[in-house]
Amino acid sequence: RAGTSQGKGSYLKDMKKNFFFFCNDSDLSMRTLSTPSPALICPPNLPGFQNGRGSSTSSSSITGETVAMVHSPPPTRLTHPLIRLASRPQKEQASIDRLPDHSVVHIFSFLPTNQLCRCARVCRRWYNLAWDPRLWRTIRLTGETINVDRALKVLTRRLCQDTPNVCLMLETVTVSGCRRLTDRGLYTIAQCCPELRRLEVSGCYNISNEAVFDVVSLCPNLEHLDVSGCSKVTCISLTREASIKLSPLHGKQISIRYLDMTDCFVLEDEGLHTIAAHCTQLTHLYLRRCVRLTDEGLRYLVIYCASIKELSVSDCRFVSDFGLREIAKLESRLRYLSIAHCGRVTDVGIRYVAKYCSKLRYLNARGCEGITDHGVEYLAKNCTKLKSLDIGKCPLVSDTGLECLALNCFNLKRLSLKSCESITGQGLQIVAANCFDLQTLNVQDCEVSVEALRFVKRHCKRCVIEHTNPAFF
């Protein structure tokens with residue numbers, strides 16, 4: 001009995017040591033006392049950890065700071081053989097405990113990473129199910145206050161237990177909006193996740209080019225990269241060491257197919273040239289509000305990335321008709337194009353796109369005030385498979401252009417005419433009489449009568465009309 005009691009006491013002592021907190025960087029007194037186990041990402045308003053193994057001392061007085069807690073699996077209930085417990089009525093089994101393991105794992109698959117780690121603290125069964133490898137193909141962390149660098153370090157360490165230093169099952173990491181993410185966190189991902197395929201770090205403005213280079217160099221299967229809002233990122237390329245190690249047959253290429261660099265304000269033509277030269281397999285590229293790009297950058301893009309299907313250069317004010325002439329060289333491969341608020345675009349650029357990109361399905365030209373009925377007419381006659389068109393805030397487009405659009409683009413599903421001052425109810429009626437599949441129509445700030453709106457509703461029964469006419473409901 002003495003030996004049994006001593007063993008149980010040692011077990012409890014080890015259990016008390018198995019707590020690890022990630023607090024403020026200034027708190028250096030908290031260190032890992034044993035091999036870390038699952039991480040728990042707690043919100044700032046969580047009360048102090050007081051479940052019989054913690055205390056309300058300095059280790060739990062954390063305010064305004066997200067905490068990551070590492071712990072062991074919940075222990076089984078231990079009682080001394082000489083202590084007689086009062087008999088208690090047996091509680092009825094909870095409904096969720098009746099579910100088989102595979103059902104619980106399926107429910108857990110819908111939880112974000114921080115909630116999944118909380119579930120691991122409920123009981124021993126949930127602990128084992130929460131760390132099922134099938135649940136850890138994706139890590140999703142959210143919150144501005146979370147210490148992402150440390151959370152990623154603990155999670156990857158736990159996931160590397162079966163395969164030391166490597167997380168073979170992890171394919172997706174999403175830490176969008178986590179402003180405390182730094183290059184250190186991305187370096188952890190690059191070192192431990194060679195099978196990574198998708199990385200989203202939008203809004204994490206503290207990361208730099210070097211960290212992104214490490215990820216794309218050490219994760220050869222990376223296909224989806226979202227660095228939108230990362231204002232320090234000016235380029236996507238391999239590190240110098242990776243370029244030297246690659247064989248000539250590899251061609252020093254990156255396998256990224258989807259790249260979102262929206263709001264990367266410091267991206268310039270030279271940076272886009274480097275991206276295009278290294279990411280030749282790009283099919284989706286979004287460069288919204290990259291205000292320093294010009295037509296020259298688009299020329300580089302078309303030379304190297306001939307497989308682009310979706311391209312957005314919205315709010316790139318230096319893009320003009322010459323840039324659209326370069327984009328038109330993508331020909332029938334281009335399906336999606338956004339040139340919203342590119343004020344230098346006119347009918348000439350639209351003609352280039354319409355002539356060579358005949359399979360275009362989506363065009364957003366909102367705010368391109370140089371577009372007239374002639375440009376819309378040429379677009380309608382050449383891009384007959386068009387499904388979505390936004391020509392809002394184009395004051396020179398009138399009913400004449402709408403008539404040509406209605407008589408050629410029968411598959412049109414979404415049409416935006418917001419603030420088109422020359423549009424009247426007659427043009428809308430022609431559209432409704434020919435485009436029966438219309439699902440969304442935006443006529444806000446247009447001088448359109450109630451009768452015309454009712455006509456549209458009668459002929460396009462599934463159409464949702466966005467308007468500013470208080471008489472129509």
**Asked** Parallel, tilted or perpendicular: which fits the ring planes of Y258 and H224, with parallel below 30° and perpendicular above 60°?
**Response** parallel
**Asked** Would you call the rings of Y286 and H284 parallel, tilted or perpendicular, where under 30° means parallel and over 60° means perpendicular?
**Response** tilted
**Prompt:** Just by distance, do the side chain of R361 and the backbone of K359 share a donor-acceptor pair under 3.5 Å?
**Reply:** yes
Excluding sequence neighbours, so at least two apart, what forms side-chain hydrogen bond (donor to acceptor under 3.5 Å, both in side chains) with [X]?
{"X": "D269", "answer": "T294"}
{"X": "S176", "answer": "S202"}
{"X": "D149", "answer": "T182"}

**Message:** Per the side chain to side chain donor-acceptor pair (under 3.5 Å) rule, what does the pair list look like for residues 391-404, sequence neighbours excluded?
**Reply:** D373-S398, D399-T424
**Counterpart residues, side-chain contact (heavy atoms from CB on, under 4.5 Å), relative to V105 (two or more places apart)** = L129, D132, R134, L135
**Asked** Got a salt bridge between E331 and K329, using NZ or NE/NH1/NH2 to carboxylate O under 4.0 Å?
**Response** no
Expected list for residues 185-194: side-chain donor-acceptor pairs under 3.5 angstrom, two or more places apart:
from	atom 1	to	atom 2	distance (Å)
Y187	OH	Q191	NE2	2.8
T188	OG1	R184	O	3.1

**Asked** Which atom pair, heavy atoms only, marks the closest approach of T172 to L170?
**Response** O-CD1, 3.7 Å
**Prompt:** Is it the case that S338 and R288 place a side-chain donor and acceptor less than 3.5 Å from each other?
**Reply:** no
